[in-house]
Amino acid sequence: MTTQLTSNLLDKNEPQNSYDIARQQFTIAADHLGLDTGLRKVLMAPKRELTVNFPVRMDDGSVEVFTGYRIQHNLARGPAKGGIRYHPQVSIDEVRALAMWMTWKCATVNIPFGGAKGGVIVDPQKLSLAELEKLTRRYTTEISLLIGPETDIPAPDVNTNPQTMAWIMDTYSAHKGYSVHAVVTGKPLNIGGAEGRKEATGRGVQYVTRYAAQTQNLNLREATMVVQGFGNVGSVVSKLLCEDGVTLVAVSDANGGIYNPKGLDVRLLLDYSSKQGTLVGFPNADYVTNQELLELPCDILIPAALENQINGDNATRIRAKIISEGANGPTNPEADRVLFDRGIFVIPDILANAGGVTVSYFEWVQDLQRFFWNEEETNARLLQIMTKAFKDVYRVAQEKKLDLRTAAYILAVGRVAEATKTRGIYP
Ligand code: GLU
């Protein structure tokens with residue numbers, strides 16, 4: 001039965017569906033851990049899935065109905081944690097995959113949360129600020145069946161930000177009749193946000209990339225990097241690694257990328273993108289598509305946008321030495337095998353981008369205690385957690401001669417499996 005479960009999943013041609021990919025990644029780790037069939041079934045299925053269809057009155061007086069999800073994957077190690085994304089391509093299977101990845105991510109860095117994710121099918125660019133606020137408040141009300149400081153704590157993800165979190169916190173609090181700061185993380189500082197949370201995902205990517213460079217004998221001052229995505233993760237990690245002396249040669253956003261092998265000035269890029277709303281058209285750089293960008297020569301490649309970017313089609317053409325996954329799910333298992341065979345050092349998403357949820361954990365702890373830390377303290381604790389996680393994963397990879405993703409999964413799935421077994425089955 002176990003082998004059948006494995007081969008059914010692995011025999012399929014390269015899956016494009018994120019949930020299939022997530023289950024395939026889980027199965028690889030489950031095989032290494034020798035998990036029994038019952039436990040596999042428990043860990044593979046999301047615990048709770050909520051679909052909501054809700055109306056929003058638009059600025060022109062018309063009514064639009066939006067579809068959203070909140071999915072909790074596994075709660076054995078603590079309350080559910082994970083972001084909310086607004087994107088036209090959100091689907092239930094994407095949210096299932098993202099929720100599962102959050103379970104493993106929290107376990108990789110060993111913070112006491114289970115995994116969850118939320119999403120609304122919407123192109124936020126097409127909505128006014130007032131419409132976005134109404135959508136957010138109604139979606140919050142619909143998912144308040146699940147969320148709460150002890151149960152499920154959302155955070156920002158693709159196309160959501162501290163303002164979105166403020167509306168969620170305010171809406172949830174309005175229903176309760178008192179302020180509940182700890183219901184979301186990634187909030188603005190003036191309503192219980194944590195110093196350093198906004199930069200935390202990018203900072204975490206910086207920390208692990210530094211360690212990866214050490215293991216690969218790569219001098220960051222002589223290294224070049226390519227970054228896909230210039231949102232909260234891509235823009236911050238670009239800036240931080242440039243401060244470490246890395247030369248940024250190409251970067252992109254949803255509209256496409258720009259390339260200059262001599263280097264791009266990240267401060268000018270930040271300024272240009274905030275004024276123009278895009279990087280495209282940035283002076284003294286060539287236009288590249290998001291796909292071409294991935295195949296540019298560089299030392300460090302940071303996919304920091306969406307899932308399924310590096311796959312069986314392009315993995316042989318990737319020219320980076322290190323890939324640091326700022327995004328969730330940018331590389332599929334087929335590409336993982338190719339990259340490993342080619343000696344490319346991949347720092348998997350559940351490790352590389354775990355800085356965000358780690359500082360979310362700090363924010364939640366501070367909100368619950370009503371006692372706040374400064375940024376120095378936050379960054380020092382983040383460094384401690386990311387360092388330990390990187391070393392633990394790297395050790396398993398070395399010992400078992402595996403890629404880092406499989407090593408991270410062995411650690412994370414192992415921890416969740418233990419917790420699930422210890423708690424037992426009720427009744
Ligand atoms: N959306 C982020 C992630 O994918 C952060 C989640 C959180 O802070 O809860 O890790």
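Starting from 1, each residue takes its place in the sequence as its number. Every number for a ligand or one of its atoms is a count from 1 in the order of the listing. Side-chain atoms are counted along with the backbone in the values below, which use heavy atoms only and exclude waters and symmetry mates.
- Applying the side-chain hydrogen bond (donor to acceptor under 3.5 Å, both in side chains) test to every pair with at least one member in residues 97-120, sequence neighbours left out, gives these pairs: Gln25-Trp101, His73-Thr103, Arg77-Asn110, Trp101-Tyr409, Lys105-Asn328, Lys105-Asn353, Lys117-Asp157.
- For residues 157-213, every residue pair satisfying the ring pair (Phe, Tyr, Trp, His ring centres under 6.0 Å) rule, not counting sequence neighbours, is listed here: Tyr211-Phe390.
- Screening Leu269, Val226, Leu241, Thr224 for a side-chain contact (heavy atoms from CB on, under 4.5 Å) with Leu248, the sole residue that qualifies is Leu269.
- The shortest side-chain heavy-atom distance between Ile147 and Ile168 falls under the 4.5 Å cut-off.
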Which pairs would a plain distance check flag for residues 375-386, meaning a side-chain donor or acceptor within less than 3.5 Å of a matching protein atom at least two apart in sequence or in another chain?
| unit_1 | atom_1 | unit_2 | atom_2 | d |
| --- | --- | --- | --- | --- |
| Thr378 | OG1 | Glu195 | O | 3.4 |
| Thr378 | OG1 | Asn374 | O | 3.2 |

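- Checked options Pro303, Ser324, Pro330; the residue passing with Asp349 is Pro330 (criterion: side-chain contact (heavy atoms from CB on, under 4.5 Å)).
- Contacts of ligand 1 (protein heavy-atom distance under 4.0 Å) are Lys81, Gly82, Gly83, Met102, Lys105, Lys117, Ala155, Pro156, Asp157, Arg197, Asn328, Gly356, Val357, Ser360.
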